[in-house]
Student: 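First, the structure itself, so that you have it in front of you.
Computed from a prediction, not measured in an experiment: that's the story for all the values here.
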Amino acid sequence: MKKILAVSALLAVAAAAFGQAAPTLSIDYQVNAVAADDANNYLTFKGPVASVAKDQFDATTGASMRESTVVFNYYRNDIFGKKVLPGGLRGLFLYPIAGDKTRTDDALNVAKLPDGSIRVRYIHRGTANEVTTDSSGKLVFPGASFKARKVGYITGEGPQVIASDFYVDDMAAKVDWDKVWNKDIKGGKTIGATTQKTGDITADVANSELVGYEGALQFTFDGKILKVAGDLKIVKK
């Protein structure tokens, strides 16, 4: 109920802003993509419905210190459950507040490509995700999209099980990404001795018909630290 009320409030704020300056969701994010660094990883966001300042991983509870995992959902989906942000972006925002084991289990990989674009890849709970910014490092809205594909599954707190179509070795860190994004490798195949099946490649893009974002998030990567920052206008469709 809290989520429905909050997202309804988000829509109301966007509607009230017609003819005025649009409300914004501001993001400030940092994660060490290559080593344990919980003390310096963080997620900060500020918006018209709820804000959280510098949330980090709490090793004592195994959760986020300031409950941004829950609070950020207010900006994630609309009241009908449709995405206002790509699910892959929401997943990326979890790493500073999920602890380093999640980063390694998901094989988070960030690379700055020769043209200046930044590519992010990870596999969370059996779903592979990838996004590449433009050559200036910007992820532009509307239209920002992650690629996604179900390549495995997870049970309990155990490691992810990756389908043999996609791995060099049976673990997320050894996934062959060329195979993951090979359209000729069709989904629908049973994974091991389970009822779980692989999926086809999909475009993970916002699909809400009620509210959306306009603007850009600036990604920077120095070979170690991934930063994401920017202001996104909240607009009623």
Student: From Ile191 CD1 over to Ile162 CD1, what is the distance, rounded to the nearest 0.5 angstrom?
Tutor: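 Spacing of CD1 (Ile191) from CD1 (Ile162) equals 8.0 Å.
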Student: Under a 3.5 Å distance rule, please check whether Ser208 uses its side chain to pair with a backbone N or O of Leu210 as donor and acceptor.
Tutor: yes
Student: Side-chain contact, heavy-atom cut-off 4.5 Å: Asp105 with Pro159?
Tutor: no
Student: For Gln30 and Asn40, which heavy atoms make the closest approach, and how far apart are they?
Tutor: NE2-O, 3.1 Å
Student: Would a 4.5 Å heavy-atom cut-off, applied to side chains only, mark Trp177 and Asn109 as touching?
Tutor: no
Student: Holding to ring-ring contact (aromatic ring centres under 6.0 Å, His included), I want the full list of residues that pass it with Phe166, two or more places apart in sequence or in another chain.
Tutor: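 In terms of ring-ring contact (aromatic ring centres under 6.0 Å, His included), with neighbours along the sequence ignored, Phe166 is linked to no residue.
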Student: Rounded to the nearest 0.5 Å, how far apart are CG of Asp115 and OG of Ser135?
Tutor: 6.0 Å
Student: Is any side-chain N of the basic residue among Asp165 and Lys189 closer than 4.0 Å to the acidic one's carboxylate O?
Tutor: yes
Student: Is the backbone N or O of Ala33 less than 3.5 Å from a side-chain atom of Arg103, with the two atoms forming a donor-acceptor pair by type?
Tutor: yes
Student: When you look at Tyr213 and Leu25, which way does the side-chain contact (heavy atoms from CB on, under 4.5 Å) test go after all the steps?
Tutor: CA-CA 9 Å; Tyr213 294 105; Leu25 171 64; 3.7 Å; yes
Student: Which distance, rounded to the nearest 0.5 Å, do you find between the CG of Leu85 and the CZ of Phe146?
Tutor: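 Reported value, rounded in 0.5 Å steps: 9.5 Å.
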Student: Give a yes or no on whether Tyr122 and Ile154 share a hydrophobic cluster (residues Ile, Leu, Val, Met, Phe, Trp, Tyr; joining criterion: side-chain heavy atoms under 4.5 Å apart).
Tutor: no
Student: For Lys46, I'd like to know if atom NZ has over 12 heavy atoms of other residues, nucleotides or ligands within 6.0 Å.
Tutor: no
Student: If we only count heavy atoms from C-beta on, is the Tyr29 to Tyr42 side-chain gap below 4.5 Å?
Tutor: no
Student: Do Pro86 and Phe141 touch side chain to side chain, with heavy atoms closer than 4.5 Å?
Tutor: yes
Student: Is a donor on one side and an acceptor on the other found under 3.5 Å between the side chain of Arg119 and the backbone of Glu130?
Tutor: no
Student: So, for Thr198 and Ala163, which heavy atoms are closest and what is the spacing to 0.1 Å?
Tutor: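 Shortest heavy-atom separation between Thr198 and Ala163 comes out as CG2-CB, 3.5 Å.
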Student: Run the side-chain hydrogen bond (donor to acceptor under 3.5 Å, both in side chains) test on Lys150 and Thr127 for me, step by step, so that the C-alpha distance in whole Å, both residues' side-chain angles and the decisive distance to 0.1 Å come before the verdict.
Tutor: CA-CA 4 Å; Lys150 184 176 180 183; Thr127 297; over 6 Å; no
Student: Do Val180 and Val175 pass the side-chain contact (heavy atoms from CB on, under 4.5 Å) test, and can you show the C-alpha distance, the side-chain angles, and the key distance before you say yes or no?
Tutor: CA-CA 8 Å; Val180 170; Val175 158; 3.4 Å; yes
Student: Considering only heavy atoms from C-beta outward, does the side chain of Asp100 approach that of Asn32 to under 4.5 Å?
Tutor: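 SC-SC contact between Asp100 and Asn32 ruled out.
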Student: Quick one: closest heavy-atom pair of His124 and Gln160, and the distance?
Tutor: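 Scanning both residues completely, I find the closest heavy atoms to be C-OE1, 3.6 Å.
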Student: Distance only, no hydrogens: is a donor on one side chain within 3.5 Å (strictly under) of an acceptor on the other, for Ser26 and Asp231?
Tutor: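 A donor-acceptor contact under 3.5 Å links the two side chains.
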Student: For atom NZ of Lys237, decide whether the heavy atoms of other residues, nucleotides or ligands shown that lie under 6.0 angstrom number more than 12.
Tutor: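 Check passes, neighbour count above 12.
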Student: How about Thr44 and Asp28: does a side-chain donor come under 3.5 Å of a side-chain acceptor?
Tutor: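 No - no donor-acceptor pair under 3.5 Å links their side chains.
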Student: Do the side chains of Phe219 and Val205 join up, straight or via other hydrophobic residues, at under 4.5 Å, putting them in one cluster?
Tutor: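 No, Phe219 and Val205 fall in different hydrophobic clusters.
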Student: Sub-3.5 Å donor-acceptor pair from the side chain of Asp38 to the main-chain atoms of Phe57, do we have one?
Tutor: no
Student: Is the shortest heavy-atom distance from the side chain of Val31 to the side chain of Ile225 under 4.5 Å?
Tutor: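 The answer is no; the side chains never approach within 4.5 Å.
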Student: Run the side-chain contact (heavy atoms from CB on, under 4.5 Å) test on Ile234 and Val211 for me, step by step, so that the C-alpha distance in whole Å, both residues' side-chain angles and the decisive distance to 0.1 Å come before the verdict.
Tutor: CA-CA 7 Å; Ile234 302 167; Val211 66; 3.7 Å; yes
Student: Identify whether the distance between the nearest side-chain nitrogen and carboxylate oxygen of Asp78 and Lys82 falls below 4.0 Å.
Tutor: no
Student: Could you state whether Met65 and Val52 fall into the same hydrophobic cluster, counting links through intermediate Ile, Leu, Val, Met, Phe, Trp or Tyr residues with side-chain heavy atoms under 4.5 angstrom apart?
Tutor: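 No, because Met65 and Val52 fall into different hydrophobic clusters, even though each may have its own neighbours under 4.5 Å.
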Student: Drop me the distance from Leu232's CG to Phe45's CZ, to the nearest 0.5 angstrom.
Tutor: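 It is 13.0 Å, given to the nearest 0.5 Å.
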Student: Quick check: closest heavy atoms across Gly223 and Val34, and the distance to 0.1 Å?
Tutor: O-CG1, 3.8 Å
Student: Do the side chain of Tyr75 and the main chain of Val49 share a donor and acceptor less than 3.5 angstrom apart?
Tutor: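 Here the side-chain-to-backbone pair exists.
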Student: Looking at residues at least two apart in the chain, or sitting in another chain, which of them share a side chain to side chain contact (heavy atoms under 4.5 Å, CB included) with Ile201?
Tutor: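 Once residues adjacent in sequence are excluded, the partners of Ile201 under the side chain to side chain contact (heavy atoms under 4.5 Å, CB included) criterion are Arg149, Trp181, Lys183.
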Student: Which atoms form the tightest heavy-atom contact between Ser117 and Thr133, and what is the distance?
Tutor: CB-O, 3.2 Å
Student: Quick one: does any side-chain atom of Asp106 pair with a main-chain N or O of Leu108 as donor and acceptor, under 3.5 Å?
Tutor: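 Side chain of Asp106 to backbone of Leu108: no pair is present.
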Student: Is a donor on one side and an acceptor on the other found under 3.5 Å between the side chain of Gln56 and the backbone of Ala39?
Tutor: yes
Student: If you define the side chain from C-beta out and look only at heavy atoms, does anything of Tyr95 sit under 4.5 Å from Asn41?
Tutor: no
Student: With a 3.5 Å distance limit and no angle check, can you tell me whether Ser145 reaches the backbone of Ala203 through a side-chain donor-acceptor pair?
Tutor: no
Student: Out of curiosity, Lys112 NZ to Leu226 CG, how far, rounded to the nearest 0.5 Å?
Tutor: 11.5 Å
Student: Tell me yes or no: between the side chains of Thr24 and Lys233, is some donor less than 3.5 Å from an acceptor?
Tutor: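 No, Lys233 and Thr24 have no side-chain donor paired with an acceptor closer than 3.5 Å.
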Student: Mind running side-chain contact (heavy atoms from CB on, under 4.5 Å) on Ile27 and Phe72 for me, showing each step along the way?
Tutor: CA-CA 11 Å; Ile27 302 292; Phe72 193 80; 3.8 Å; yes
Student: Could you tell me whether the side chain of Asp55 and the main chain of Arg66 form a donor-acceptor pair under 3.5 Å?
Tutor: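 Such a contact is found between Asp55 side chain and Arg66 backbone.
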Student: Counting only N and O atoms by type, is there a donor-acceptor contact under 3.5 Å from the side chain of Gln218 to the main-chain atoms of Ser136?
Tutor: yes
Student: I need the minimum non-hydrogen distance between Gly88 and Asn129, along with the two atoms involved.
Tutor: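 Taking Gly88 first and Asn129 second, the nearest heavy atoms are CA-OD1, 3.7 Å.
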Student: In Å, rounded to the nearest 0.5 Å, how long is the span from CG of Leu113 to OG1 of Thr132?
Tutor: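 Between atom CG of Leu113 and atom OG1 of Thr132 there are 6.0 Å.
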Student: Between Lys83 and Asp204, does any NZ, NE, NH1 or NH2 come within less than 4.0 Å of an OD or OE carboxylate oxygen?
Tutor: yes
Student: With side chains defined as the heavy atoms from C-beta onward, is the minimum distance between Ile118 and Val110 less than 4.5 Å?
Tutor: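 Of all side-chain heavy-atom pairs linking Val110 with Ile118, at least one is under 4.5 Å.
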